[in-house]
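Notes follow the structure.
All values below come from the heavy atoms of this structure, side chains included, with hydrogens, waters and symmetry mates left out.
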Amino acid sequence: MKSVLVAMSGGVDSSVAAALLSEQGYTCHGVMLIMHGYENTADAAAVCAQLNMSFYTVDAQERFHSCIINDFISSYKDGETPNPCVRCNNEVKLSLLLDEADRLGFDYIATGHYARVVRAKEINLLSACAEDESFPRSGSRGEMDGDKISCTDEGFGGKGKRSLLFKGKDKMKDQSYMLYRLSQEQLGRLLLPLGDFDKGEVRRLAGRFDLTTADRDDSQDLCFVPDGDYAAYIEREIGKQKPGAIVTEQGEILGTHNGLINYTVGQRKGLGVALGEPYYVIRKDKERNEIVLGKEEDMFTDSIRLRDINLVAAGEIPADLEVDVQTRYRAPAVRGRLRQMSGGIIDIAFNKTEKAPAPGQSAVFYLGDLLVGGGIVEGKID
RNA sequence: UGGGAUGUAGCCAAGGGGUAAGGCACGGGACUUUGACUCCCGCAUUCGAAGGUUCAAAUCCUUCCAUCCCAG
């Protein structure tokens, strides 16, 4: 009987994930990573008790602070807009989960993310372009040419094998974007039992399993900032930020801002300038401590550079591979061609201009439902 | 001080006797495991002030106030 260490959050999704795995015959153990002290330990413990699972907590606060909070703050200080969640999933959550699983001798780790992991043979990304029928486009059970979906896979980590990440069945809830930074080692041991369900089904399952967390609202906002005011959080940590000018690209002064950290590229609200039509942040000028505004049409870009790349579907990208690019979570993808440069850099040329990619955010690219890889937006390419 | 023009919400702005459009900003909500975007809702009992005409005035009349422009 295979054993799984399930990351419990106290929410519906992880609860149902655990219940499903138990039902499938896994020996499940629940763990909650304590990142910041706002976790709902009681609910997670209650669900584990319901499901006859052991439950314990791991103090991850130091790790979370040194990896996530510090990067979050320094990224904002750098004039970028970080996405702490993508980083956390890889560097803290899944990493510690895997450590724990190793320490306790468990076979798998699991979370309640809406995405799918598939163990497959090495694939040829070029075959995707050639409309190859055998190319794994959807990641659904039974379409993997002998390789099985995560939950029943026996031989993870084998030679010539690769763990692929696909979008979840529920395209509205798909969270593969948040997982693009996971390593092969992490994906190789990861089970995502919710990948084949949509949110409504998960809620119904929660009811059927009679889980105490069935009616929990979905989580939202930054987990370590319960009141949602991330800028106030940063100022509590590093002090008041310097005010500066709000200007147009032509240098016209429109107003003042109270610190670059309060703004992000593409932002419209909170600028306090009334110019008859909506204006947006098109750039943050860290050197001059200025926010540069423009009209909607000024936000579009036809190419961006990514750094800090993580490739999931293959070791490298064929030249000019055409993919669907998501420059933000839950945003419609835009078609674009990838060019892998040296040093973990990828340049993307969009087929159609893309609206306001924000430096610091992640761009993730797909072939159909297959997540090819992603990276951090460095900025426009001049 | 003469001459001209203008005063409608935080900003811009329709309306020129019949009971205050719209945009921007702002506030609230929805959406959302980041930040944003987007969407929905709200936002002048009152039109610079005071009088007057009228069944009815932001609209017409009078006076005053304020601002802007041109002269000197």
* Given the rule in the side-chain contact (heavy atoms from CB on, under 4.5 Å) test, do A:D78 and A:K286 qualify, once you have shown the distances and angles that lead to the verdict? -> CA-CA 7 Å; A:D78 254 8; A:K286 185 193 162 201; 3.4 Å; yes
| query | Hey, does A:D13 reach any base, or is it just sugar-phosphate, or nothing, if we go heavy atoms under 4.0 Å? | reply | nothing
**Study point:** Spacing of the C1' atoms in B:rA49 and B:rC39 (rounded, Å)
**Key:** 43 Å
Is any side-chain nitrogen or oxygen of A:R268 closer than 4.0 Å to OP1 or OP2 of B:rA25?
yes
A:Y114 meets the ring-ring contact (aromatic ring centres under 6.0 Å, His included) criterion, sequence neighbours left out, with none
| query | Any side-chain donor-acceptor pair under 3.5 Å between A:D107 and A:S3? | reply | yes
Original post:
In whole Å, what separates the P atom of B:rG72 from that of B:rC65?
Top reply: 26 Å
The dot-bracket string of RNA chain B, counting Watson-Crick and G-U wobble pairs with both distances under 3.5 Å, using [ ] for crossing pairs and | for pairs to another strand, is ((((((((.[[[..)..(...]]].(((((.......))))).....[[[[[..)....]]]]]))))))).
Whole-Å distance, A:K269 NZ to B:rG29 C1', equals 12 Å
B:rU38 versus B:rC47 - spacing of their P atoms, nearest Å = 35 Å
Excluding A:I345, membership of its hydrophobic cluster (Ile, Leu, Val, Met, Phe, Trp, Tyr; side-chain heavy atoms within less than 4.5 Å) reads A:M341
Rounded to whole Å, the CZ-C1' distance (A:R87 to B:rG35) equals 15 Å
What I'd like to find out is whether the side chain of A:D196 reaches to under 4.5 Å of the side chain of A:R116, using heavy atoms alone. yes
Note: for A:Y329 and A:G270 on RNA chain B, the residue whose nearest nucleotide lies more 5' is A:G270
Open item on the list: Base, sugar-phosphate or nothing for A:G360? Non-hydrogen atoms, less than 4.0 Å.
Closed with: nothing
To the nearest angstrom, the CG-P distance between A:L275 and B:rG23 comes to 16 Å
Separation of B:rA36 atom C1' from A:L271 atom CG, nearest Å, is 11 Å
A:E296 atom CD is separated from B:rU38 atom C1', nearest whole Å, by 10 Å
chi for B:rG17 classified (syn = within 90 degrees of 0, anti otherwise) as anti
(request) Can you tell me, in whole Å, how much space there is between the P of B:rA57 and that of B:rC70? (result) 39 Å
* Sugar-phosphate, base or nothing in reach of A:V281, heavy atoms under 4.0 Å -> nothing
Q.
When the P atoms of B:rA58 and B:rU67 are compared, how many Å lie between them, rounded to an integer?
A. 26 Å
Query raised in the report: Do A:Y76 and A:Q241 have side-chain N/O donor and acceptor atoms under 3.5 Å apart?
Result: no
Notebook entry, point to check: With sugar-phosphate meaning primed atoms plus P, OP1 and OP2, does A:K284 contact a base, only sugar-phosphate, or nothing at under 4.0 Å between heavy atoms?
Noted result: nothing
Between CD of A:Q267 and C1' of B:rC26 the distance, given in whole Å, is 14 Å
When rounded to whole Å, the OH to P distance for the pair A:Y279 and B:rC26 reads 15 Å
Among the nucleotides B:rA36, B:rU34, B:rC31, whichever has the atom closest to the side chain of A:R330 is B:rC31
To the nearest angstrom, the CG-C1' distance between A:L293 and B:rC24 comes to 13 Å
Original post:
When we call it a touch if two heavy atoms are under 4.0 Å apart, what does A:Y280 touch: a base, just sugar-phosphate, or nothing?
Top reply: sugar-phosphate
Winner on side-chain proximity to A:K355, out of B:rC31, B:rC24, B:rC37, is B:rC37
B:rC37 glycosidic conformation (syn if within 90° of 0, otherwise anti) is syn
Inset, instruction - Indicate, with a heavy-atom threshold strictly under 4.0 Å, whether A:P82 touches base, sugar-phosphate, or nothing. - result: base
Note: for A:N83 and A:G272 on RNA chain B, the residue whose nearest nucleotide lies more 5' is A:G272
With sequence neighbours left out, the residues meeting salt bridge (Lys or Arg N to Asp or Glu O under 4.0 Å) with A:R208 are none
So side chain to side chain donor-acceptor pair (under 3.5 Å) across residues 270-280 of chain A, not counting sequence neighbours, yields A:E277-A:K295
Between B:rU8 and B:rG48, how far apart are the P atoms? Round to whole Å, please. 6 Å
Taken in chain and number order and not counting sequence neighbours, the residues that satisfy salt bridge (Lys or Arg N to Asp or Glu O under 4.0 Å) with A:D308 are A:R181
Which is true for A:Y263 with a 4.0 Å heavy-atom rule: it touches a base, it touches only sugar-phosphate, or it touches nothing? nothing
